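Just so you know, these numbers use all the heavy atoms, side chains as well, and skip hydrogens, waters and symmetry mates. The model shown is predicted, which means the values in this text are computed figures rather than measured ones.
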Amino acid sequence: MNNILRFALTSLLIGSYGISINSLADEDKFAKVEIVATKLSEHVYMLTGAGGNIGVSAGEDGLLIIDDQFAPLADKISAALADIQAGKPKYIVNTHYHGDHTGGNGIFGQTGTIFAHDNVLKRLASNQDFTKQALPSITYDQGINIHFNGDTLSLVHLGSGHTDGDSVIFWSDAPVVHMGDLFFKDRFPYIDLKGGGSVLGYRDSVATILAKVDDNTKIIPGHGELANKQDLVKFKQMLDTSIDWMNTQLKSGKSLDAIKQQGLPEDLQGWGWKFISQETWIETLYNGLKSQ
């Protein structure tokens with residue numbers, strides 16, 4: 001399992017169990033993490049390491065980053081950015097509130113301006129580990145545009161999906177989109193139902209994004225390798241199959257335990273991974289769809 005997926009569990013812990021970022025920082029698990037940059041276009045890069053993938057805009061206006069992983073990785077992220085272009089990020093965008101995407105806010109927020117959906121501010125402000133400088137200072141409801149490095153980055157909120165504060169970022173002049181955790185490449189996604197997430201909303205958001213991309217689009221997933229439209233089509237088909245299957249189980253009146261004992265159909269069995277197993281995915285589908 002690569003580092004991106006290995007550390008995705010921290011998102012679940014922070015979102016669901018309230019484990020503090022500081023306690024995670026005390027662990028030495030980040031010592032061997034490497035931040036790797038991949039150039040996607042003249043001004044756009046993707047950084048991978050541990051936690052959510054980072055999008056980067058670099059050019060004459062400076063640096064902008066989308067998500068910032070964990071606080072202990074801030075120096076490594078800064079070093080990787082310095083290899084691309086000198087300077088500190090002018091803008092930081094949070095795709096949602098989970099700690100594996102916002103843990104570096106306290107460092108990068110000292111010199112940069114943080115953008116996020118309104119609900120991200122609400123959730124981070126209630127977390128004692130986030131100081132004022134780690135909080136978004138510019139928030140929005142449906143979206144906002146940032147004109148930067150000769151391009152327009154559109155930050156778009158599509159409704160409840162992974163959480164209630166997800167943002168997707170589209171570059172206008174580059175064939176790139178950053179999906180945050182609305183896309184776990186080749187894996188069952190984590191849908192944070194306690195954080196305002198929605199199974200149907202998640203699927204519908206993916207469908208909306210699919211309609212806006214083409215075969216040339218480079219898709220940065222929240223977790224996993226750089227992807228393309230066909231990867232996202234495959235992911236959407238998995239979501240559709242999962243939802244249709246669970247709705248059938250619910251209509252038959254089966255209990256959650258009975259459905260778990262039965263297990264997923266064969267065409268869904270290859271999507272489970274260490275932190276979102278088949279059983280966990282069944283629970284997510286059941287709890288997310290039983291009241292629909």
Centroid-centroid distance, His223 to Tyr190, less than 6.0 Å: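 That pair fails the under 6.0 Å test.
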
Pair Tyr91 + Phe115: ring centers closer than 6.0 Å: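 Yes - the distance between ring centres of Tyr91 and Phe115 falls below the 6.0 Å cut-off.
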
Donor + acceptor pair across side chains of [X], [Y] (<3.5 Å):
{"X": "Thr217", "Y": "Asp214", "value": "yes"}
{"X": "Tyr97", "Y": "Asp192", "value": "yes"}
{"X": "Lys76", "Y": "Gln69", "value": "no"}
{"X": "Thr208", "Y": "Ser205", "value": "no"}
{"X": "His147", "Y": "Thr152", "value": "yes"}

Any idea how Trp281 and Phe188 line up, ring-wise: parallel (<30°), tilted (30 to 60°), or perpendicular (>60°)?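 Trp281 vs Phe188 ring planes: parallel.
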
What is the ring orientation for His162 with Tyr202, classed by angle as parallel under 30°, tilted 30 to 60°, or perpendicular over 60°?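 Perpendicular.
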
So, using side chain to side chain contact (heavy atoms under 4.5 Å, CB included) as the criterion, who are the partners of Pro221 when residues are at least two apart?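 Pro221 satisfies side chain to side chain contact (heavy atoms under 4.5 Å, CB included) with Asn53, Phe183, Lys185 once adjacent residues are dropped.
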
Got a donor-acceptor contact below 3.5 angstrom from the [X] side chain to the [Y] backbone?
{"X": "Lys90", "Y": "Gly62", "result": "no"}
{"X": "Thr102", "Y": "Asn105", "result": "no"}
{"X": "Gln85", "Y": "Gly59", "result": "yes"}
{"X": "Asp68", "Y": "Gly104", "result": "yes"}
{"X": "Asn149", "Y": "Glu60", "result": "yes"}

From [atom1] ([X]) to [atom2] ([Y]), nearest 0.5 Å:
{"X": "Leu135", "Y": "Lys122", "atom1": "CG", "atom2": "NZ", "answer": "14.0 Å"}
{"X": "Thr163", "Y": "Asp181", "atom1": "OG1", "atom2": "CG", "answer": "8.5 Å"}
{"X": "Gln262", "Y": "Leu264", "atom1": "CD", "atom2": "CG", "answer": "9.0 Å"}
{"X": "Ile107", "Y": "Ile77", "atom1": "CD1", "atom2": "CD1", "answer": "9.0 Å"}
{"X": "Leu155", "Y": "Thr139", "atom1": "CG", "atom2": "OG1", "answer": "11.5 Å"}
{"X": "His96", "Y": "His117", "atom1": "NE2", "atom2": "NE2", "answer": "13.5 Å"}

Check [X] against [Y] and note the closest heavy-atom contact, atom names and distance.
{"X": "Tyr45", "Y": "Ala58", "answer": "CE1-CB, 4.3 Å"}
{"X": "Ala207", "Y": "Lys236", "answer": "CB-CE, 3.5 Å"}
{"X": "Phe108", "Y": "Ser78", "answer": "CE2-OG, 3.5 Å"}
{"X": "Trp171", "Y": "Val56", "answer": "CZ2-O, 4.3 Å"}
{"X": "Asp151", "Y": "Asp173", "answer": "OD1-N, 2.8 Å"}
{"X": "Val199", "Y": "Thr284", "answer": "CG2-O, 3.7 Å"}

Count the heavy atoms of every other residue, nucleotide or ligand shown that sit under 6.0 Å from [atom1] of [X], and state whether that count exceeds 12.
{"X": "Asp75", "atom1": "CG", "value": "no"}
{"X": "Gln261", "atom1": "CD", "value": "no"}
{"X": "Lys88", "atom1": "NZ", "value": "no"}
{"X": "Gln142", "atom1": "CD", "value": "no"}

Mind running side chain to side chain contact (heavy atoms under 4.5 Å, CB included) on Lys234 and Asp186 for me, showing each step along the way? CA-CA 8 Å; Lys234 179 182 174 184; Asp186 298 326; 3.8 Å; yes

Student check: side-chain heavy atoms of [X] and [Y] closer than 4.5 Å:
{"X": "Ile146", "Y": "Val93", "value": "yes"}
{"X": "Ile243", "Y": "Leu200", "value": "yes"}
{"X": "Ile276", "Y": "Arg187", "value": "no"}
{"X": "His101", "Y": "Asn94", "value": "no"}
{"X": "Leu285", "Y": "Gln249", "value": "no"}
{"X": "Ile54", "Y": "His178", "value": "no"}
{"X": "Phe130", "Y": "Arg123", "value": "no"}

Do [X] and [Y] share a hydrophobic cluster, counting only Ile, Leu, Val, Met, Phe, Trp and Tyr and linking them when any side-chain heavy atoms are less than 4.5 Å apart?
{"X": "Met46", "Y": "Val33", "result": "no"}
{"X": "Ile35", "Y": "Ile220", "result": "no"}
{"X": "Val213", "Y": "Leu40", "result": "no"}
{"X": "Met179", "Y": "Val176", "result": "no"}
{"X": "Leu73", "Y": "Leu63", "result": "yes"}

Matching residue for Val177 among Ile169, Val168, Leu232 - test: side-chain contact (heavy atoms from CB on, under 4.5 Å):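 The side-chain contact (heavy atoms from CB on, under 4.5 Å) with Val177 is passed solely by Val168 among Ile169, Val168, Leu232.
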
Qualifying residue for side-chain contact (heavy atoms from CB on, under 4.5 Å) with Leu47, from Val36, Ile65, Ile66, Ile84: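 Of all the options given, the one that passes is Ile84.
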
For Ser242 and Trp271: C-alpha separation, side-chain torsions, deciding distance, then whether side chain to side chain contact (heavy atoms under 4.5 Å, CB included) applies. CA-CA 11 Å; Ser242 297; Trp271 290 82; over 6 Å; no

Can you name the residues that form a side chain to side chain donor-acceptor pair (under 3.5 Å) with Asp244, not counting sequence neighbours?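 Side chain to side chain donor-acceptor pair (under 3.5 Å) check on Asp244 returns nothing, list empty.
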
With sequence neighbours left out, write down each residue that passes side chain to side chain donor-acceptor pair (under 3.5 Å) with Asn145, or none if nothing qualifies.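 Asn145 satisfies side chain to side chain donor-acceptor pair (under 3.5 Å) with Ser154 once adjacent residues are dropped.
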
Apply side chain to side chain contact (heavy atoms under 4.5 Å, CB included) to residues Met238 and Leu268 and explain how you reach the verdict. CA-CA 7 Å; Met238 178 276 294; Leu268 292 173; 3.8 Å; yes

